[in-house]
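Encoded as structure tokens, the structure appears first; notes follow it.
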Amino acid sequence: MGRVRPATRAGDKTVMTERFDPAQADLRWQAAWDQAQCFRADDASTKPRSYVLEMFPYPSGRIHIGHVRNYTMGDVLARYKRMRGHEVLHPMGWDAFGMPAENAAMEKGVHPGGWTRENIANMKAQLKRLGFALDWSREIATCEPEYYGHEQALFLDLYAHDLVYRKESAVNWDPVDMTVLANEQVIDGRGWRSGALVEKRKLSQWFLKITDFADELLEGLSTLDKWPEKVRVMQENWIGKSQGLQFAFDLSNGDTLPVYTTRPDTIFGASFCAVAADHPVAQAVAAADPAAAEFIALCKQGGTTAAELETAEKLGFDTGITARHPFTGADLPVYIANFVLMEYGTGAIMAVPGHDQRDFDFATKYGLPILRVVAASADDAARPFAGEAEAGDGICVNSGFLDGMAVAEAKAAVIARAEQGGWGEGKTVWRLRDWGVSRQRYWGTPIPFIHCEICGVVPVPKKHLPVTLPDDVDFATPGNPLDRHPTWKHVDCPQCGHPARRETDTLDTFVDSSWYFLRFASQPADAPFDPAKIAQWLPVDQYIGGIEHAILHLLYARFWTRALARIGKIEVQEPFASLFTQGMVTHEVYSREEGGRDVFFGPSEIVRSGDGATLKADGQPVTVGKVIKMSKSKKNVVDPDEIVATYGADAIRWFMLSDSPPERDLPWSEAGIEGCARFVQRLWRLFAQYDASATGEDKALDRKTHQTIAAVAQDIEALGFNKAVARIYELTGATEKAAPSASRSAAIRALLLLIGPMMPHLAEEAFAGFGEGLVAEAAWPDVDPALLVDDEVTIAVQVKGKLRDTLTVAKGTPKDDLEALALASEKVQRALDGAPVRKIIVVPDRLVNLVA
RNA sequence: GCGGACGUGGCGGAAUGGUAGACGCAGGGGACUUAAAAUCCCUUUGGGUAUCCCAGUGCGGGUUCGAGUCCCGCCGUCCGCACCA
């Protein structure tokens with residue numbers, strides 16, 4: 001077998017060393033790809049296009065292992081598509097605005113911009129070190145005016161089309177830090193940083209009219225057949241469409257009480273009304289009755305966590321007011337109830353205890369009537385309730401003119417009556433609220449408006465964009481640095497020229513990530529994008545990211561795309577044709593209780609043995625906890641840089657793809673990464689045996705090779721990387737065992753190309769040794785369909801469904817022959833034990849089942 | 001409570017209704033070596049009266065010649081949402 005002489009540079013042959021040295025090879029090939037500009041997407045290309053995108057990272061400073069998994073998957077797909085002759089757009093950028101930069105500024109006295117840009121440089125180097133096939137010429141950082149200036153222009157466009165407005169809205173205000181907090185920054189009612197009690201404050205805030213798109217966004221979900229069902233369901237629930245009847249009760253005190261119900265069909269079963277504690281009716285009653293005021297105060301004390309809500313008892317206060325039933329004329333008592341929410345519907349309900357569990361619980365507690373108005377049939381009308389409400393479908397009973405109607409029919413009938421009578425109307429209610437985008441923060445996109453005492457709120461003229469952030473800001477005192485900047489906000493009104501002041505709110509960073517995938521397709525200096533290029537590249541063919549963005553980011557991006565389409569900027573309606581949400585990387589947690597609290601240790605501080613583990617530092621045991629998502633606070637993290645330094649980029653990439661299905665969690669293990677590194681060397685040894693001049697045919701190996709090529713291609717297209725990996729192991733084993741031949745050399749060459757997208761550095765190094773060009777520019781190996789089918793098959797022989805023997809026969813052996821062969825089997829005869837065969841089932845090329 | 005996903009060896013997991021446990025990790029045994037590393041080979045679901053047989057894919061039923069896979073009912077784990085009227 002001819003020994004091939006590998007290369008230091010593409011094309012140059014040198015001697016293949018004993019071991020593959022990732023430390024040198026990784027950098028060499030990364031430089032070679034850069035130099036050849038392999039991964040630049042060509043807008044002018046006539047090839048079929050693929051847009052592969054992973055969710056861009058927040059530049060925290062370090063890549064974590066979750067990024068490595070995410071970007072490796074996208075990279076394999078991008079490299080594979082390129083080998084299949086596609087023009088691939090695979091870009092990368094930075095979601096670079098946000099709070100951590102300001103926190104760093106406050107804690108370390110560094111400027112958010114400097115801190116962010118330094119982090120970007122570090123992380124970019126880390127990504128390069130992993131060998132990702134990215135088009136860096138299209139890199140975006142959202143914190144640069146070249147990006148956010150265009151965002152301001154788009155914001156003004158939406159404003160011009162009435163999709164942006166201002167309104168008073170309650171925010172979480174931290175009185176110590178003098179800042180607005182996001183909901184997740186409020187912990188047990190206190191600011192996460194200051195610990196101060198958070199107040200609800202009314203501030204004038206900017207909103208985007210996402211509710212205008214509620215129906216579109218909901219309907220659009222049905223077109224996203226390449227999205228996970230799970231994500232579609234989550235968005236559907238989030239949008240929360242419900243259809244029902246809104247009508248008003250006449251109250252005994254002369255007022256009216258508007259209520260909303262999705263079950264107008266049960267209106268004859270209403271036995272009381274209930275209002276929220278902060279409902280105007282409740283407030284009015286409380287003003288005159290201290291007992292009511294006390295009850296309202298009690299309601300507000302109640303916790304709001306899921307567990308508390310689940311166990312919370314239904315409590316009510318009888319206001320003494322009654323409501324007149326629109327059909328029966330009955331007087332229904334009006335309660336203040338702790339389970340009614342002011343934020344939903346009208347803050348008041350008609351309660352139908354028989355067919356709503358909450359109402360049932362409440363009625364049981366306060367001895368209110370529980371009426372049956374829906375039953376399985378008319379004969380069932382008097383059946384008592386078995387301790388719980390019946391919310392299901394059925395026929396209306398005890399319901400006057402509705403009797404005998406099905407639920408759906410009755411809903412329509414009641415709405416029709418209400419609309420005819422003018423006392424109510426059919427109404428669709430959405431859970432989705434308009435998107436509040438104001439943040440009282442420095443490190444974000446300035447909202448391009450000016451407040452003028454004469455002209456009111458005036459948009460910044462587009463020719464004055466971008467409105468850039470001032471660099472000289474002070475983080476020593478709490479509050480919004482833009483607001484207290486000495487000069488920045490003072491400008492003249494663009495309309496009347498009088499002194500005015502800039503808007504000092506900045507945009508929610510979710511706005512930045514709502515259109516970055518459009519900017520990747522084209523980056524004109526004078527416009528956010530070129531619509532023609534968007535038409536070329538969008539929608540993204542494969543979007544990959546974490547499930548944590550199932551709702552907010554993915555919904556906002558869908559909204560923003562549809563909004564731009566509605567105002568005529570682009571044509572595409574849905575930005576992401578196919579979505580994949582990858583699982584997390586997990587590791588067990590090591591801890592020890594010290595002084596009443598858990599102290600955590602990282603995997604590198606631990607020696608693992610059998611069931612237990614000890615701390616390297618003192619040799620004493622530590623507690624081995626659950627396998628959970630890697631997180632800094634639990635210290636169960638590994639540093640990708642260290643892994644790359646020890647094992648090379650290809651080993652960590654291979655690990656990310658192996659074993660676990662990509663949508664599931666991947667448990668990190670030291671043994672696993674070592675196994676991957678061993679496999680890299682094992683392939684290297686096999687590649688070294690490549691001999692282009694070998695002769696002789698090995699038909700079985702040829703088949704295996706071609707079957708593997710076809711299967712791996714299918715697996716990659718379906719993102720089934722773990723299966724592709726398993727097949728590659730199989731072909732590796734078969735090739736190693738085979739005797740030298742042309743077939744064996746072909747198998748080795750095919751293997752090299754198959755691992756090209758997964759272990760690109762190893763592939764390049766070996767390919768150069770073969771005297772060929774760059775794998776990055778090579779074609780995926782062809783498949784000979786004739787070799788995909790075996791000419792010999794193994795047939796299972798069952799007796800009464802139990803396996804008794806196997807037969808190796810030529811493919812396509814006729815049914816009768818198979819029967820005869822099966823009956824001739826000694827094992828089969830023994831299993832039959834003389835019993836007569838009643839029936840024979842033959843599945844050609846698969847099995848024979850003898851039924852005795 | 002509602003919705004969704006999942007449940008297969010010691011572990012991660014394969015398996016168009018047709019030979020369960022491919023492939024990897026870990027374990028056991030062996031070869032090579034003065035020794036180690038590296039590498040290679042064998043072995044590993046459980047139980048038996050062991051060239052063979054029985055049981056076995058969370059539990060209980062069912063459909064089928066045949067079920068990890070389909071249907072019904074449970075149990076458990078994880079995720080999301082939630083007094084949404």
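Every chain is numbered from 1 and lettered A, B, ... according to where its sequence line falls, protein lines coming before strand lines. These numbers were taken from a predicted model, which means no experiment stands behind them.
- In this structure, Lys802(A) reaches the A55(B) phosphate: one of its side-chain N or O atoms is under 4.0 Å from OP1 or OP2.
- For Asn237(A) and C2(B), the shortest distance from a side-chain N or O to OP1 or OP2 is not below 4.0 Å.
- Under 4.0 angstrom from either OP1 or OP2 of U19(B) there lies no side-chain N or O belonging to Arg804(A).
- Using C1' as the reference atom, G7(B) and G13(B) are 13 Å apart when rounded to the nearest Å.
- Distance check on atom C1': G9(B) versus G21(B) gives 7 Å, rounded to whole Å.
- Ring planes of Phe679(A) and Trp654(A): parallel class, angle under 30° (limits at 30 and 60°).
- Here A22(B) sits opposite no nucleotide as a Watson-Crick or G-U wobble pair (both hydrogen-bonding atom distances under 3.5 Å).
- Only the C1' atoms considered, C11(B) is 7 Å distant from A26(B), to the nearest whole Å.
- Between C71(B) and A22(B), the distance separating the two C1' atoms is 29 Å to the nearest Å.
- Rounded to whole Å, atom C1' of A82(B) lies 13 Å from atom CG of Asp356(A).
- Here the P atom of nucleotide C54(B) and the CG atom of Leu803(A) are 11 Å apart, to the nearest Å.
- Straight-line distance from the CZ atom of Phe272(A) to the P atom of A85(B): 16 Å, rounded to whole Å.
- Pair assignment for A55(B): U45(B), on the basis of Watson-Crick or G-U wobble contacts that are both within less than 3.5 Å.
- Across all strands shown, C32(B) has no partner, as no Watson-Crick or G-U wobble contact with both distances under 3.5 Å is found.
- With a cut-off of 3.5 Å on both pairing distances, G9(B) has no Watson-Crick or G-U wobble partner at all.
- Taking atom C1' on both U8(B) and A15(B), the two are 10 Å apart, rounded to the nearest angstrom.
- Under the Watson-Crick and G-U wobble criteria, each requiring two contacts below 3.5 Å, nucleotide C2(B) is paired to G80(B).
- The separation between Lys827(A) atom NZ and C52(B) atom C1' is 9 Å, rounded to whole Å.
- Rounded to an integer number of Å, the gap from CE of Met350(A) to P of A85(B) is 12 Å.
- For the side chain to side chain contact (heavy atoms under 4.5 Å, CB included) test with Leu821(A), the passing option among Val809(A), Asp805(A), Val848(A) is Val809(A); the others fail.
- Between Tyr729(A) atom OH and G21(B) atom C1' the separation is 18 Å, expressed in whole Å.
- Using a 4.0 Å heavy-atom criterion, one finds that Ser658(A) contacts no nucleic acid atom at all.
- Per the geometry, CG belonging to Leu657(A) stands 15 Å off P belonging to G13(B), to the nearest Å.
- With both ends at atom P, the span from G47(B) to A37(B) equals 31 Å, rounded to whole Å.
- Of the N and O atoms on the side chains of Gln707(A) and Arg727(A), not one donor lies less than 3.5 Å from an acceptor on the other residue.
- Contact annotation: Arg727(A) does not reach the phosphate of A22(B) (side-chain N/O to OP1 or OP2, under 4.0 Å).
- Nucleotides A36(B) and G29(B), compared at atom P, are 14 Å apart to the nearest Å.
- Remark: the separation of the P atoms in G62(B) and G56(B) is 14 Å, to the nearest Å.
- You'll find a donor-acceptor pair under 3.5 Å spanning the side chain of Lys314(A) and the base of C83(B), going by distance alone.
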